[in-house]
Each structure stands twice: as structure tokens, then as C-alpha cells.
Amino acid sequence: MKKILNYINGNLVEPSSGNFLDGYNPSNGEIYSKVPDSEVTDMHSAIQAAKSAFKEWSTKSNEERHDVLMKISDLIEKNHDRLALAESIDNGKPLWLAKRVDIPRAASNFRFFATAAMQFASESHSMNGKAINYTLRKPLGVVGCISPWNLPLYLFTWKIAPALACGNTVVAKPSEVTPMTAFLLAEICIEAGLPPGVLNIVHGLGHKTGAIMSEHPDIKAVSFTGSTRVGKEIAKVAAPLFKKLSLEMGGKNPNVIFADCNYDKMLKTTLRSSFANQGQICLCGSRIYVERPIYDQFKKDFVEKAKQMKVGDPLKSDTKVGAVVSKVHFEKILSYIELAKEEGGTILCGGHAVKPPGLENGWYVEPTVIEGLAPDCRTNQEEIFGPVVSIMPFDSDEEALQLANNSKYGLSATIWTENLSRAHQIAEQIEAGIVWINTWLLRDLRTPFGGVKDSGVGREGGWEAMRFFTEPKNVCIDFTHG
Ligand code: NAD
């Protein structure tokens with residue numbers, strides 16, 4: 001049994017209660033790790049350690065901070081295979097995906113923000129020879145970072161790296177469902193020589209540990225990625241305390257396919273945008289709108305290809321769809337498939353649990369394609385976060401736009417067309433934080449990342465993250481003589 005420990009003030013420690021939660025391997029449904037069931041006292045120790053470490057860390061030169069963060073990035077790369085295997089076992093995702101995407105991106109996050117620390121600058125505003133203003137950008141102090149289970153190390157480091165690069169000290173809480181790589185990151189930080197208290201990682205249940213970040217006066221900002229429900233709870237507590245908040249939440253993203261698209265590229269990418277990581281990426285396109293002239297062709301080809309996707313052992317290289325993250329989530333996905341049937345949907349393929357030989361107790365769901373659902377039904381409006389998509393035809397640009405925007409969410413959207421004017425027009429009017437045209441999940445870490453409506457408040461990525469994790473102060477100097 002692998003035992004995970006908290007990382008507080010530079011040390012790997014047990015939770016003060018001595019209690020641990022069970023950590024599951026989704027591929028076989030077995031308990032394989034012990035996760036600290038931390039309490040308020042553990043969080044308080046972490047916050048105190050971060051507070052004590054702030055002065056020294058925030059006054060280090062940018063170069064010194066850069067060097068430590070680069071060392072962490074290098075060590076993530078050095079441990080690439082070990083981290084990828086840990087991520088796959090903890091989360092159920094195919095090992096090849098963790099190797100190709102999750103772990104390289106975690107290393108990039110540290111490398112990107114290490115260099116950002118060296119480049120970040122603030123503005124000055126001259127007042128026509130009379131005065132000059134300059135802006136100081138100061139770190140906030142102790143900040144809280146809370147992350148979900150779908151891209152565990154990828155999203156955990158996406159928050160921690162910029163927070164540290166700006167000179168803040170951090171208390172971080174990974175998802176209790178997938179804590180393993182955050183624990184391994186703690187070991188890496190120790191090896192990299194990150195000073196004690198600069199980063200503290202507290203494991204445990206959200207309402208017991210994460211919630212403290214919203215209410216504790218010494219936490220100056222909270223960067224959260226997770227569900228809209230929890231984001232709302234955090235905002236309710238933290239907003240009246242005037243904490244800075246960055247909330248990256250759920251999505252129900254439209255994928256709008258016009259008849260004039262590059263069909264082969266669209267089909268290949270749409271399989272990925274529908275089912276990658278078992279559909280458990282906040283950016284997956286789960287509402288697929290297809291222009292009527294190609295609807296039948298698309299339906300035939302897409303369903304045929306979805307049926308061919310091999311569901312099974314995450315450790316096998318030919319597996320396309322691994323296990324979903326937990327029993328609770330597995331049951332939630334299957335219940336949405338039942339709901340889709342009740343709501344009048346036709347299951348074109350999938351719709352069932354899978355029991356791969358030798359892994360019968362794992363949590364696997366077939367890639368599922370549904371048609372015939374009304375735009376307003378729950379299946380088309382609520383985030384399922386599994387390998388389940390619904391397809392619908394449309395007849396005009398106006399209708400496509402109206403359908404795409406018919407959601408309380410607004411995280412990302414994908415548009416497939418070779419018509420440049422149409423692509424720009426729809427991109428401008430679609431209600432989303434990120435729009436991909438003729439691609440999906442093509443990421444440049446310099447760009448603003450986040451959602452609108454119920455998908456989020458604030459932006460991360462590039463300078464947006466550096467601005468979020470700093471407080472601007474204007475200094476005005478009058479240099480006239482009287
Ligand atoms: P979740 O909201 O249940 O949990 C996210 C994190 O918040 C976990 O670490 C959890 O322990 C913690 N938490 C729970 N209650 C809390 C509380 N009261 N106070 C503070 N922290 C608390 O989300 P999840 O199920 O882990 O992740 C799936 C969700 O994340 C989906 O909705 C998905 O769309 C979303 N997501 C969004 C993005 C994005 O960038 N917008 C990226 C990935 C995932």
C-alpha cells in the first residue's frame with residue numbers, strides 16, 4: 001500500500017489526526033494507496049509555514065526564483081516515466097497519454113513560468129514632462145491553489161508555477177481522488193532545493209481542507225479549477241473577504257461543424273475532442289452540431305470510428321479509452337446515459353459499461369454517441385464529463401450560433417469551416433473564453449485561458465497569470481519645480 005504524505009514546511013508529514021483515506025486504482029477498482037485525511041490543524045500549519053517563508057522567497061532575485069523553478073522542471077522531465085505511470089494508475093488515463101501530454105506539460109508549466117519570472121515587467125506612464133507614473137507589481141503573500149482530478153499534475157503545476165514565479169508562497173490542495181503525482185512533486189521540490197514553506201501541499205477532502213483557503217485571512221488569493229458547484233461555494237465565502245479569485249470551472253462545449261470543413265481533419269480531431277482522457281477534459285466538445293448536408297455522412301463515419309476505439313487497460317499501448325476516475329463518477333456517467341434515453345435520445349453506439357478481461361472491477365464506459373435530443377434537455381445542458389456526446393443537425397449559421405450559445409457554460413468552442421469570414425464571424429459571437437478554429441486543444445501557454453458565464457471568472461496563462469498573482473501599485477512622481 002503506497003502511503004501519501006503532506007508536504008509542510010519542507011517536510012513530508014502524516015496528517016495530524018493520523019487518519020488516511022483510501023486511494024483507488026480505477027483500472028481495477030482496488031484500493032492501492034493511503035491519502036492523508038487532513039484536518040484544519042494541518043492547513044493551519046501549512047499556512048503558517050507559507051507565511052513565515054514569504055519574506056525570504058519574495059525578496060529573492062527573479063533569477064534565483066527562475067533557477068529553482070527550472071530545476072523542478074528538469075526533475076519532472078528526469079522522472080517522466082515514473083510520474084506518467086503514477087498518473088495513469090491514479091487516474092485511469094492511458095499511460096501513453098500521461099507520457100505524451102500530462103507530464104511534459106507539467107514540466108513546461110514550470111519552465112514557462114520560470115522564464116516568465118525573468119521577463120515580467122510593469123508599465124510606466126509619462127505625463128508630458130511633468131510627472132511619471134510607474135507600476136510596481138508585488139507578490140500577494142500566501143496564495144491558495146486548488147485543483148481537480150482530470151489532469152492532476154498538469155493543472156496543479158499550472159497554478160503553482162506562476163504563483164511561485166511571482167514571489168508568493170503557496171498552500172496547495174490537489175484532488176483527493178488523484179493525489180499521487182502531487183506527492184511525487186513534493187519529493188521533487190525537496191530535491192530541487194525549494195526553500196521550506198515556499199510550497200506546502202495538503203491532501204484531503206475539499207470541504208475539510210480546501211474550504212479553509214476561502215475563509216482564512218492569511219490566504220490572499222485563491223486559484224481554483226474544478227466544478228461550478230464548488231467554485232460557487234468558494235466565491236460565496238471568499239468574495240466578502242475581498243480575496244482575489246480565479247475560478248476555472250465546468251463546461252458543456254459546442255463543436256460546430258460546417259459542410260465546407262476539411263472533413264478528414266475534422267473527423268480525426270472530433271474523435272479526440274469527444275473522447276480524449278475518457279471525455280474528462282473540461283475542454284472536450286460534448287455538444288456536436290453538424291450542418292445538415294454532411295450530417296448523415298458524419299454520423300455514419302463518427303459512429304463507426306467511435307466503435308473501433310479500444311476501451312481497456314490504461315497500461316496497454318493500443319488502449320484508446322482507459323478507465324473513468326472513480327466509481328461515483330462511473331455511476332454518474334451511466335446515469336446520464338439512462339437519462340438521455342428517458343429524454344428521447346437514441347444511443348447510436350456505446351452506452352454501456354465495459355469489463356475488460358482481468359479488470360472486471362474497473363470503471364470503464366464505452367464511447368457513447370447520442371442523437372435526437374432536444375437542445376434544452378438536461379443531457380444537452382449539464383456537464384457529464386465522460387465519453388458521452390450528443391450530435392444534432394443545423395441548417396444555417398444563425399441556428400448554429402444560437403444552439404452553441406444555448407448553455408449556461410462558456411468555456412471553449414470549436415468551429416470547423418474553410419470559410420474565413422464565417423469562421424471569424426462565429427468566433428466573435430460565440431460565448432466562450434477560448435475558440436478553436438479547425439483544431440482543438442492546441443495550446444500556447446502565453447494565451448489567456450478561462451471561461452465566461454458559469455465556466456469561470458478571471459484568466460490564467462501567460463501574463464494573465466502573472467498579473468493575477470501580483471498586486472499592482474501605482475507610484476506617481478511629480479518632477480516640476482513648483
Ligand atoms: P470538484 O469541484 O469536485 O473538486 C475540485 C477541487 O476542489 C478538489 O481538489 C476538491 O477537493 C476541492 N474542493 C471540494 N470542495 C471544496 C470546497 N468547499 N472548498 C475548496 N475546495 C474544495 O471538481 P472535480 O470533480 O475534481 O473536477 C471536475 C470538474 O473540474 C469539472 O466540472 C471540470 O469541468 C472542471 N475542470 C475545469 C477546468 C477549467 O480549466 N475550467 C479544467 C479541468 C477541470
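Whatever order the structure lists ligands and atoms in, that order sets their numbers, starting from 1.
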*Asks:* Is the shortest side-chain N to carboxylate O distance from E471 to R137 below 4.0 Å?
*Replies:* no
*Asks:* Heavy-atom distances under 4.0 Å are what count here, so tell me which part of L283 touches ligand 1: side chain, backbone, both or neither.
*Replies:*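 Neither; no heavy atom under 4.0 Å.
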*Asks:* Run the salt-bridge test on R378 and E343 with the 4.0 Å N-O cut-off and return the result as yes or no.
*Replies:* no
*Asks:* Starting from atom 24 (P) of ligand 1, find the nearest protein heavy-atom neighbour and note its residue, name and distance.
*Replies:* W149 NE1, 3.4 Å
*Asks:* Is it true that the NZ or CZ of R443 lies under 6.0 Å from the centre of W436's six-membered ring and within 45 degrees of the ring axis?
*Replies:*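 Judged by the rule (NZ or CZ under 6.0 Å from the ring centre, within 45° of its axis), R443 is not positioned above W436.
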*Asks:* Please indicate whether any nitrogen or oxygen in R229 is less than 3.5 Å from any nitrogen or oxygen in ligand 1.
*Replies:*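 In fact, backbone or side chain, R229 has no N or O that close.
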*Asks:* Return the residue, atom name and 0.1 Å-rounded distance of the protein heavy atom closest to atom 32 (O) of ligand 1.
*Replies:*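 Nearest neighbour among protein heavy atoms for atom 32 (O) of ligand 1, to 0.1 Å: E383 OE1, 2.6 Å.
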*Asks:* Please list, in number order, the atoms of ligand 1 under 4.0 Å from a heavy atom of G210.
*Replies:*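 Matching atoms, with element in brackets: 19 (N), 20 (C), 21 (N).
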*Asks:* Would M249 count as being in polar contact with ligand 1, using the rule that some N or O on each side must be under 3.5 angstrom apart?
*Replies:*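 Yes - when backbone and side-chain N and O of M249 are compared with those of ligand 1, one distance drops under 3.5 Å.
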*Asks:* Judging by distance only, is a nitrogen or oxygen of S227 under 3.5 angstrom from one on ligand 1?
*Replies:*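 So ligand 1 has an N or O lying under 3.5 Å from an N or O of S227.
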*Asks:* Do S45 and N9 have side-chain N/O donor and acceptor atoms under 3.5 Å apart?
*Replies:* no
*Asks:* Any idea which atoms of ligand 1 are less than 4.0 Å away from a heavy-atom of F224?
*Replies:* 2 (O), 5 (C), 6 (C), 7 (O)
*Asks:* Please list, in number order, the atoms of ligand 1 under 4.0 Å from a heavy atom of I146.
*Replies:* 6 (C), 7 (O), 9 (O), 12 (C), 20 (C), 21 (N)
*Asks:* In ligand 1, which numbered atoms sit nearer than 4.0 Å to a non-hydrogen atom of V230?
*Replies:*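 Contacts of ligand 1 toward V230, numbered from 1: 2 (O), 13 (N), 14 (C), 15 (N), 16 (C), 17 (C), 22 (C).
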*Asks:* Can you tell me if P174 has a non-hydrogen atom under 4.0 Å from ligand 1?
*Replies:* yes
*Asks:* In terms of side-chain heavy atoms, does D376 have a donor or acceptor partner in N406 at a distance below 3.5 Å?
*Replies:* yes
*Asks:* Where's the contact between T209 and ligand 1, heavy-atom distance under 4.0 Å: side chain, backbone, both or neither?
*Replies:*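 No part of T209 is near ligand 1 at this cut-off.
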*Asks:* Check for a donor-acceptor pair, side chain of N255 on one end and backbone N or O of T270 on the other, with a separation under 3.5 Å.
*Replies:*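 A pair under 3.5 Å: no.
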*Asks:* What part of L151 sits under 4.0 Å from ligand 1 if we count only heavy atoms: the side chain, the backbone, both or neither?
*Replies:* neither
*Asks:* Does one side chain, of Q381 or S407, offer a donor that lies under 3.5 Å from an acceptor on the other?
*Replies:*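 Absent: no donor and acceptor within the cut-off.
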*Asks:* From the options I384, L247, T225, select the one whose nearest heavy atom is closest to atom 5 (C) of ligand 1.
*Replies:* T225
*Asks:* So do the side chains of K93 and L151 get within less than 4.5 Å of each other, counting heavy atoms only?
*Replies:*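 Result yes, sub-4.5 Å side-chain heavy-atom pair found.
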*Asks:* Can you see whether K243 engages S214 through a side-chain donor-acceptor pair at a distance of less than 3.5 angstrom?
*Replies:* no
*Asks:* Would you mind running through ligand 1 and noting each atom that sits below 4.0 Å from a heavy atom of L411?
*Replies:*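 It comes down to these atoms of ligand 1: 41 (N).
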*Asks:* If you count the atoms of ligand 1 from 1 in the order shown, which ones are under 4.0 Å from a heavy atom of L155?
*Replies:*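 So the answer, numbered in order with elements, is 42 (C), 43 (C).
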*Asks:* Has ligand 1 got any nitrogen or oxygen that is less than 3.5 angstrom from a nitrogen or oxygen of T228?
*Replies:* no
*Asks:* Tell me which protein heavy atom sits closest to atom 35 (C) of ligand 1, plus the residue, atom name and distance to 0.1 Å.
*Replies:* G226 O, 3.2 Å
*Asks:* Non-hydrogen atoms of S175 versus ligand 1: any pair closer than 4.0 Å?
*Replies:*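 Flag set, S175 near ligand 1.
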*Asks:* Tell me, which protein residue and heavy-atom name are nearest atom 39 (C) of ligand 1, and how many Å apart are they?
*Replies:* C282 SG, 3.4 Å
*Asks:* Is there at least one pair of N or O atoms, one from E233 and one from ligand 1, spaced under 3.5 Å apart?
*Replies:*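 Yes: some nitrogen or oxygen of E233 is under 3.5 Å from one in ligand 1.
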*Asks:* When you measure from the side chain of E215 to the backbone N and O of V237, does any donor-acceptor pair fall under 3.5 Å?
*Replies:*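 Between the backbone of V237 and the side chain of E215 there is no qualifying donor-acceptor contact (under 3.5 Å).
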*Asks:* Quick test of your reading of the model: are K236 and E233 salt-bridged, counting only N-O distances below 4.0 Å?
*Replies:* no
*Asks:* For atom 28 (C) of ligand 1, which protein heavy atom lies nearest, and how many Å away is it?
*Replies:*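 Heavy-atom neighbour on the protein nearest atom 28 (C) of ligand 1: F385 CE2, 3.7 Å.
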*Asks:* List the closest protein heavy-atom neighbour of atom 10 (C) of ligand 1: residue, atom name, distance to the nearest 0.1 Å.
*Replies:* E176 OE1, 3.7 Å
*Asks:* Just need the protein heavy atom nearest to atom 9 (O) of ligand 1, so name the residue and atom and give the distance.
*Replies:*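 Looking only at protein heavy atoms, the one closest to atom 9 (O) of ligand 1 is S147 O, 2.8 Å.
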*Asks:* So which bit of N150 gets within less than 4.0 Å of ligand 1, heavy atoms only: side chain, backbone, both or neither?
*Replies:* side chain
*Asks:* With the side chain counted from C-beta on, respond yes when W463 and Q119 share a heavy-atom pair under 4.5 Å apart, and no when they do not.
*Replies:*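 SC-SC contact between W463 and Q119 confirmed.
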*Asks:* Under the 6.0 Å and 45° cation-pi test, does K320 pair with F275?
*Replies:* no
*Asks:* Which bit of S214 gets closer than 4.0 Å to ligand 1, counting heavy atoms only: side chain, backbone, both or neither?
*Replies:* neither
*Asks:* Could you tell me whether the side chain of H329 and the main chain of F385 form a donor-acceptor pair under 3.5 Å?
*Replies:*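 Present.
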*Asks:* Out of T115, L75, L185, which one pairs with F110 under the side-chain contact (heavy atoms from CB on, under 4.5 Å) rule?
*Replies:* L185
*Asks:* Is there a donor-acceptor contact under 3.5 Å from the side chain of K244 to the main chain of T470?
*Replies:*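 It does hold such a pair.
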*Asks:* Relative to the heavy atoms of I234, which atoms of ligand 1 are at a distance of less than 4.0 Å?
*Replies:*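 Answer, ordered by atom number: 19 (N), 20 (C).
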*Asks:* Taking E87 first and then K99, would you say they form a salt bridge - that is, a charged N and a carboxylate O separated by under 4.0 Å?
*Replies:*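 No salt bridge links E87 with K99.
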*Asks:* Mind checking whether S455 has an N or O less than 3.5 Å away from an N or O of ligand 1?
*Replies:* no
*Asks:* Below 4.0 angstrom, counting only protein heavy atoms, does anything approach atom 19 (N) of ligand 1?
*Replies:*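 Given the 4.0 Å limit, the answer for atom 19 (N) of ligand 1 is yes, a protein heavy atom qualifies.
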*Asks:* Starting from atom 40 (O) of ligand 1, which protein heavy atom do you reach first, and at what distance in Å?
*Replies:*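 Protein heavy atom with the smallest distance to atom 40 (O) of ligand 1: F449 CE2, 3.2 Å.
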